Structure formats: C-alpha cells, structure tokens
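Source: prediction; values computed, not measured. All chains are named by letter (A, B, ...) in the order of the sequence lines, taking the proteins before the strands, and each is independently numbered beginning at 1.
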Amino acid sequence: MDLVQIEELIRVMRKHRVGEIEFEDAEIKLAVRFHPAGVALAPVVSAAPVAAGSAGPAAVAAPSGAVVKSPMVGTFYRAAKPGSPPFASVGDRVSVGQPLCIIEAMKLMNELESDVAGVIEEILVDNGQPVQFGQALFRVRPA
Amino acid sequence: MDLVQIEELIRVMRKHRVGEIEFEDAEIKLAVRFHPAGVALAPVVSAAPVAAGSAGPAAVAAPSGAVVKSPMVGTFYRAAKPGSPPFASVGDRVSVGQPLCIIEAMKLMNELESDVAGVIEEILVDNGQPVQFGQALFRVRPA
Amino acid sequence: MSKPPFQKMLIANRGEIALRVIRACRELGIRTVAVYSEADRSALHVRFADEAVCVGPPQARDSYLHIPNVISAADITGADAVHPGYGFLAENIAFAKAVAAHGMTFIGPSPELLGTFGDKLSAKDAARAAGVPLLLGSGGAVADVEEACQIAAVVGYPVLLKAAFGGGGKGMRVAEDEASLRRVFSITTAEAEAAFSDGAVFIERFLPSPRHIEIQVAGDRFGGAIHLGERDCSLQRRHQKIIEEAPAANLAPALRDAIRSAAVQLVKSTGYTTVGTCEFLVQGDEFFFLEVNPRIQVEHTVTEQVTGVDLVQLQIRLAAGDPLPMRQDEVVVRGHSIEVRVNAEDPWTFRPSPGRITGYHAPGGPGVRIDAAVHEQAVVQPYYDSLVAKLIVTAPDRERAIARLRWAMDEFVVEGIATTLPLQRLLVADPCFAAVDFHTRTIDQWLAGREP
Amino acid sequence: MSKPPFQKMLIANRGEIALRVIRACRELGIRTVAVYSEADRSALHVRFADEAVCVGPPQARDSYLHIPNVISAADITGADAVHPGYGFLAENIAFAKAVAAHGMTFIGPSPELLGTFGDKLSAKDAARAAGVPLLLGSGGAVADVEEACQIAAVVGYPVLLKAAFGGGGKGMRVAEDEASLRRVFSITTAEAEAAFSDGAVFIERFLPSPRHIEIQVAGDRFGGAIHLGERDCSLQRRHQKIIEEAPAANLAPALRDAIRSAAVQLVKSTGYTTVGTCEFLVQGDEFFFLEVNPRIQVEHTVTEQVTGVDLVQLQIRLAAGDPLPMRQDEVVVRGHSIEVRVNAEDPWTFRPSPGRITGYHAPGGPGVRIDAAVHEQAVVQPYYDSLVAKLIVTAPDRERAIARLRWAMDEFVVEGIATTLPLQRLLVADPCFAAVDFHTRTIDQWLAGREP
C-alpha cells in the first residue's frame, strides 16, 4: 500500500464519514483515525476532493446507455445473409430476446439476442469485422 | 519510506484533517499523531504545510543529542595507545576541537576532533571496533 | 534467413510457455497471435505478441480451454498454425482435430498419436510392441487373494497393493512377501470398500526408490527419429516436478544407452513426427516405461542448454514437414544444466499463493537463463497453474552448475506472494543433492520427516 | 570443489560489474565484501555481498575513488584480495600499490604493467618492440608545413591533421594529397591557435572507415599467454562502445589470425600475468595497435559466451598464481554473441538520464543473458556512469543471434528514465548491421545525417 492508496482510503472514509479504520494483512498494518471531535470535519469547504456529499453524492457519471457485448469470438454480421436486411439499425427499438446480429464462429452462425429493451444508439462494429470475447457491439438506450 | 514520503503523508493528513495514522509493514513502523487539542487543527486555513508552530504540536521528537560520525573508514580507538587513558568518557564535557578518539586507517592514526561542545552521553562503538564512513560514534548533549 | 515455415501462429496458451513460443516464432519469421482471458489483459504474452484476441472470462474452461473461441480466434486472425504449449489443450484430441478441420497446422502430433499416448493402456501396448520394458503388475483388478499371490510370484516381491479407485497415496500397501501379501490383502480391500465403496485392488511391482528419467525425442515424416539425451526429474513433490536436470548424473553408461535406445525404438515404431518425451522409472540397473508426452515439456529448457538445439523451433519445423536437421551422432550433450521451477505456492504446504508481486528481481549473469512471464506489480492469477518462473543454470559440469544455482537462487527475489524457493534452496544445499542421492519419493519423505 | 584461491574478496566497484565479481567469487568459494557510497545503500551489490562497508558520500571521488577508505574497508573486514572491476580504480597505479602494501592481492596486473599500458607512449613502445604494427604519424607536433609534407610522404595519404590540444573531433582536417595538405596546414594551425591558444598540430595516417577489433588475452606467471578470440566493437558513439560482438564477422581468416598472433606476441613480450584486451584498428587488410586494457572489460561477456570460459574466475585464479587452465588449441570459439549496452541516456543526444526506474522487464529465454544491477524502483544515480544493463544474446550463428537480439530488445522495458535502446533497435534493424557494413564512425555519421 502506498501513499496514493492511503489517500484514496482517507477519501473513502471522508465520503462515508468514517471516524476510524484499522487494517491488517500479511504485508501491512494500518490505522487511520479522524479526531473524535467530529466537528472537525463539518466546516471543510475548500480544496478537498469531495464537497459533493450534501447534494446527492450518488449522482455519479450515469452511463448514458447499456452495451451489448459479444459472448464469443467470431465474425460479426448484421444480417442473416448477404443481401438480407440487417437485424437492427440505429434508431430501431429493440426488445429483450430480439436478434441483433450474427456471430459466425467455427463456421456456425450464432444469432445474438438483445438482453435489453431500448433504442439502438450506436453500432460499434462494422459488418464482417472480427470480434473478440467481451467486445462491445451495440449501445442501447434503455427504454 | 523516507523523509520525503513521511512529509507527504503528513500533508495528506493535514489536507484531510486526519488526526492519527499508524502504519506498519515488513520494513517500517510509523505513527503520526496531531495533538488532540483539536483546536490546533481548526484554524488551519492556508492549506500550506506548516502553521504548526503556534500551539505546540510541532514539538516533534527533538533528538536528545548531537551525534559525532566517523569521517572515514577505519578502526576506532578511544585512546592514543593501548594503556593510555581514553580521550573522552561518558559524562565528560567536551569542547569544539577537542580530540574524541582515533580512527586508524591505512596504518595512520587520525585524531577525530569534536565538532560540538557538550557532554558525552553515549559512546556508540567499542574500542578496537571497525567503523564505516558516516557511522555514529558519540552522542553528545549540546551545552 | 530461410523461408518461415508458417505465416502466422496462434498460441493457445499463456504464461512463460506462450512467451517461449512467441520468441521461437520471432526467430523463424512467423507472426504471432496471443489469446487471453479477461484476467490476462495486461499479461506479457499479450504485450509481446503481434496480435491478441480475448477468448473469454478468467476461468480456463471458458477461455483457454474453450475450443470454439480459440479456434475462432485463429480463424479471424488468419493464423495458419496453432501452438498449444503444454497443459490446457496440448493433448486434447478434439482440439487437434478442430485445428486440422479449419485448415491449420497443429504444432504437435497427429490426433491418432495423441490417442495412442493419451490412453495409458494403448501407450503401454505401444511400448510393449516396441520391446520397451514395462513395470509388471496385474493390469486390472485382481479377483481374490489367490490370484494376487499368483501374480505377485510372477511380478516379484515387494509388490504394491493399490485400491483401483484410490488416489493421492491413499489405499496403498506394500507387501514384502507372500505371507505379508495375504495379511494386507483383506485389510486393503476392506479399506477400499469403506473409502471408495469398491473393494477392487490392483497389484504391481513395488519400486522402493526409483529415479524419474526421461528421454527427449524427436521424429520426422520421413521415418527419422533421434533422442536428445535424458533429463533427471526425480525431485518431485506428489508427482509434481520441481527441480530437473540434464544430463542425468551417476547413470551407468550402459543403462543410459539402453534407455535412450528404448525411447528411440518406441518413437520409431509409432511413426512419431514431432518432439516429445518418453518417461521412465529407473531402479538399480532396471528401467520401466511410464508414459510418452507428445508435446513440449516445462523442463525442455535444460535439454536445450546442453544440446544447443532450440526444441520449440524444431517442433515447429517438424510440424511444417521439414526433415530432422541433424543425425543422431550430431547431437552432442555438453555441460550440465539444472532447472528450478519457481511456483507461487507455500513452500511447505504447497498451497497456491496467488496475488500481486510487489518486488521482483531475477538473477542474471553467466550461465543463467530465466523463462518467466512476470514482473514487478504483475498479478499471479488464481485461475491457472502456479508456475511463476523457471530458473535455469548451465555450467561446464554438475558441480559448477550447483555452485551457480546456489547464488542464482539467493539472488532471486519474489515479494508479495509465497514461492517454493525456500524449499528448493534447502534441497539444493542438502548434501543428498550434490551426491545424486535422491529418488521420486525423496521430497515427500523429507517433508514428512520435517513435520513434527 | 578445489580450494578457493582467496578467502575474502573486497570488490572496489558498484553496479553490474560488482555483481559479476560477486557471482564469480560465490562459485569459487570466496567470501565477498562490497563497498558503497551513501547513494548506494540499497544497491544490489550491497544486498548480495556477504558484507558491505560504506566508504563515503555519493560523489565518486569521495567514496569509490577514495583510496584510503577503500583500502581501510579491506583492512577492517580482513579481505585478502581486492577486485577493482573496470573504471574507478581499475588502472590506478597508486591503488594497486596500496593493495599490495597492505598485504592483499590486486586482481589485475602488477603496478609496473599498469604503468606500461597506462602511458600511451610506453604502450606503443611495447607494441613496437613486439613487432605489432602501429599507425604511422608524427608522434609529436610538427614544426612547419615542410616537415608535415615530409612526414606525410612517409605515412602515406590521406593524412589527418590534428590540433595537439583539440578534442571531440574539433580542430581536425583530412588532407588527400600534398597540395591539399599545404592548403589546410595553415588553416588548421590558425584555427588551433584561435581555439586552443596553441597552434601545435600532429600528423597521422588517416583511416577513413576503420573497424575496432580487440583481442581478449590472458597470461600467467609461467610465461604462458593465449588469446580467447576477438571482439568487434566498431559501433561506437564518440568513442563510446554501444554494441559489441564476438567473433568479428567478415574478417578474412589470414587477417584475423595475424591480429590474434600480434596480441599474443605483445602479451608474451611484456610478461603479462592477467586477463586483458589488446585493441586494434582494422582498415582493409591492415591492422594497427591502439592500446592495451589490462583489466576486465564491459564487453568481456560476449567472449565468455562463445568460448565458455569464465573470464572473471580466470582473472582471479591467475592473480592467485595459478597457471592458465587451457592451451591455445583448447580455446574453441563456438556460435556468435552480441552485447547491447543499455545506458541511461537520451538515445539521440546521449545526455545522461538518471532517475527512478518505474517499470522494468528484462527479456529471458534461450540464449539471453542479462548482466545488470537494477530492478523496478531502483534509482539510477547521477554520480556514476550510465550503464544500466547489458543485454547479451548468443546463438549458433550471427544471423540467428541478430534475430534473437531483435525480439530481446523489443521485450526489454525500462520506464521512468530514457535509455539508448531506441537507437540500438534502429541500428540492429538497419541492413548495414546484418551486412557488417559499419566502422567506428558509422553511428556518428548516421546521427549527423539524421539531425536536420
């Protein structure tokens, strides 16, 4: 544990208004205590990283959409076969279980069904492009 | 962890108004406490590292004595030759420039003179013992 | 430089062996594709390959062992060959077949040979057919104590009585003579019945202090077969090798030659077309076939050091159809090499010790080779095997190799996780190591004696 | 193991060479004492030696170069031998004498031999006496243009006109023939007068594209002297070697033999009793004596790799009075080895780049040797030379050594400080390297051409 991590710990303590932490593992033993006066913390306004608290700290960076990822390695196709219309395009409303694309793997065509309902905001992979496991394919705004 | 890092840690504590940290790993054990007077911390405004002085918390571990170190590598002798009385013993009052011991190096006897005035509190090396560059030889309470 | 044997190699593995294959490919002019699980995103084999494909979540069965994803990774990157390393899919027949079905070359044996050597019985049949000595035994369960005595009379005492469904040293008993066999037979069957709900027992000749000697072999498509000397891998902890060396010390020349010849004979008789290892147990002046591993082994390094032959490059070239590049008499064993496997394990309990490496310094200098895939701040994952690094030292003779190994081990620093190094330092410092006074049970006995 | 030649060795150095000597001592059974400055408290040579003594503050002149403190460190620890490494006190006659005066053995030549080879003129005298070819020149300043022309006629054109007090390539001019010499003579003397307040100029035969070839030699107290083959160290940046190899490639066998013989002849004629290097310049089919370095050199590693001889152990044994352990015909050069010096310097300006190493990964695997004394989080001190690590690759031939070197350099990661690796990667990838189309000025010319 280095200084950066200790400071991060202190930040977490402040955020949650923890007065005291003791920590011990195979490598280190660490104790951090704010003074029990408690008040000491109240008037802090300036500098510090947070200040956040009062209003609603949980309003953290809400990701604007859900992402559908590839569950396998293979080649991404937007349509069932060349010339067919694509399963889904930007702006389309999709429901759970609706086919979004095909991933070809080991010469098998695997239909990928949506696991969210919403509107397709962005298609992140071009037709015919190889995809890895876990690669983001579609961004969907949940509805 | 060196002085720079300790100061950095103190800065982090001040920034976040942490009262006390104890830290221990395989190499070091460290405890830093601001005095619980509490008030000591309250008026801190400037963010700057110090301001400390006023109240009294900075009365940090004042080392109780000066240390005379070896300026060379060699063998430490308390007396000019075997059988002679030692140059200095615990409790003796010494002045600047007064010989404290001999360091034998390359068959030359080098008299080591005190660079502080005060009372010898402790002799840290036994007669005839080898000493490295920078090794602490005497602890002197400055007078 | 001669034409690369392949254009692009997918390496279906991770850790030090993936790095080893990448290095061989770079020297051969072959481009490389790494595969990795989500836990290995920042692993060195991903960093040093030309391309990398994520093939699944951390669990090996869903990534490194997931055949469709690994094959697809080769497909989408246009690889024309697949190297399986060791472990994972290296001896998986379905995988080898899938690689071939997708028009790529599997760097290893044919599926048929994998079948022959993957099954203990057919492997023994092949050895028997090649005239290689086998350890005598009942082969299967014995019907009753009378059959046991008949077999034991043929096999010769002492014999080992083994519960058919036992394992890990449980349900085994040694009988010194017929009287003792009759005495322990009923106990062993009763115990087997109680412990494994099946009283079936095998009988086998008991070797009290065997050495594990293995021969590195190679064969080509033109009927050529050679050996590259032997390795002594007797220092094992519950059948896990932890120190290996080449050549084997204090092995009578006639015995050494007989084992080497047996291995080549076996390879020749099976139409073997890759590199591999024939493993034997040696007791006194006898040796017995154990198994054939038709793949690159962890300890191939010590053979490389003393023969000067790059076994991974040889394996790749043989898979491409090249003939063996040397005759038997051109293989010269020179000097002595010892490998220490640094595993992320508690040195006394051998419990895995995954975690972040907070401090790392590998030794260097003359005669020191390090095959590793870690560095300071690297995380040893809990999902895979615990091999962290291989320390290989080479010197003109065994005595100097041991002297070198001692300082090299002392200089090897791994902080943040436990490793087997403290145990190995003690072993190498023990007079029995210098005296070659050890066998496959030495470490287990030594640890048992240490416990109280 | 044979009796250790010494009981305890003080190593009057730091960095990788201190570690190198510690390793050699451990194999010989000699205990080790490290010395260190206050800046090196946590250095690896301090950690891996049996004892360590602080000899002064960071500045080298007050610690590693401070003879009384270094000698006293040997005294108080009871060392019976002192190894100076290279640099620092390795060629300091006063130090060698002090070591002897304190009853210890200096691992190196006698003070007399240090004197012979420490002085350029006496070294040339020794070479001349041994019949070793020297580069012709005026020897001292020439009086006037007429004398210059007379000397040039003997030396042969082109000649180099050099300001006696110049340096770093300043104040030098090449004359192709007598007319051009007459033309540039007055300019050069005038420039020298203006720049260095002294118009004295030397004249010397000019070699347009010499290679730096050096012979590793060793001699014993019984008149024995052998060479261990040559190294090519032509790739230099302002006389600083940055890539070295053994053996030298594309060197005509007759020329190679002549240089080797000249080196052995020189060593024999001076009663040389340690290891060392005779350096030569080679132009076409001629070679010329440069100097003798009577110490272990940074690039000794490549010779160790191809001969299998541990030069540091040999050096220690020779200092102990042992005879040479092999005859000339037992020295066999096998394979090819290349060393890359990884310096903490800006790769283009060569400005030192000390600081903390925040990320470190040295390559491993077959044929890779790393001699270094750093690790992640180590601090490269600004007080000492900038060598961080030596990467040495060895392979059966030069082509394969280069292939190996390429991946090894790509795998070498040093973060937090600048290193020379980016430059060396380009050099090794350049076709001129594979074609052995380089000389001592290649890098400087290449960098100059690159600048605009």
Side-chain angles (χ1 to χ4, degrees), chain B residues 1-9 11 23-30 63 66-82 99-113 115-116 123-139, chain D residues 8 10-12 14 33-43 46-47 49-79 82 89 92 94-104 106 355-356 377-379 383:
Chain B
M1 192 173 265
D2 58 18
L3 213 61
V4 175
Q5 288 176 296
I6 292 175
E7 183 167 6
E8 197 45 48
L9 178 66
R11 264 174 231 225
F23 175 88
E24 184 173 351
D25 69 5
E27 284 162 34
I28 70 145
K29 192 168 163 179
L30 174 75
V67 163
V68 178
K69 294 179 177 176
S70 176
M72 64 187 79
V73 181
T75 306
F76 173 87
Y77 293 110
R78 291 187 53 197
K81 48 186 146 183
L100 293 180
C101 63
I102 280 186
I103 311 283
E104 180 192 354
M106 293 189 74
K107 294 179 180 140
L108 292 176
M109 300 297 170
N110 305 279
E111 264 189 12
L112 176 61
E113 299 175 350
D115 53 358
V116 288
I123 302 174
L124 301 158
V125 177
D126 291 338
N127 192 53
Q129 194 180 311
V131 292
Q132 310 199 353
F133 175 87
Q135 188 168 341
L137 306 176
F138 297 89
R139 192 186 304 282
Chain D
K8 195 187 271 193
L10 180 124
I11 297 139
R14 64 184 298 282
V33 182
V35 297
Y36 63 99
S37 76
E38 289 179 327
D40 278 341
R41 277 189 195 289
S42 53
V46 176
R47 177 163 181 168
D50 295 310
E51 296 172 66
V53 178
C54 181
V55 290
Q59 286 73 18
R61 67 172 177 280
D62 300 323
S63 49
Y64 297 107
L65 288 171
H66 192 279
I67 294 177
N69 279 355
V70 173
I71 294 284
S72 295
D75 270 346
I76 65 172
T77 52
V82 174
L89 299 168
N92 186 306
F95 182 63
K97 284 182 176 165
V99 169
H102 284 255
M104 301 176 288
F106 180 75
R356 185 175 295 274
Q377 298 306 325
V379 173
Y383 312 103

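Counting only distance, with no hydrogens or angles, the side chain of D/E38 and the backbone of B/G134 share no donor-acceptor pair below 3.5 Å. Of the possible polar contacts, one joining the D/N69 side chain to the B/V73 backbone as a donor-acceptor pair under 3.5 Å is found.
Heavy-atom distances place no part of D/A74 under 4.5 Å from chain B, backbone and side chain included.
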Does B/F133 form a side chain to side chain contact (heavy atoms under 4.5 Å, CB included) with D/H66? I'd like the steps, not just the answer. CA-CA 11 Å; B/F133 175 87; D/H66 192 279; over 6 Å; no
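When D/I76, D/T77, D/D75 are each tested for a side-chain contact (heavy atoms from CB on, under 4.5 Å) with B/P130, only one passes: D/I76.
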Please table the atom pairs, donor to acceptor, closer than 3.5 Å between any side-chain atom in residues 103-113 of chain B and protein atoms at least two apart or in another chain.
from   : atom 1 : to     : atom 2 : distance (Å)
B/E104 : OE1    : B/Y77  : OH     : 3.4
B/N110 : ND2    : B/I103 : O      : 2.9
B/N110 : ND2    : B/L108 : O      : 3.3

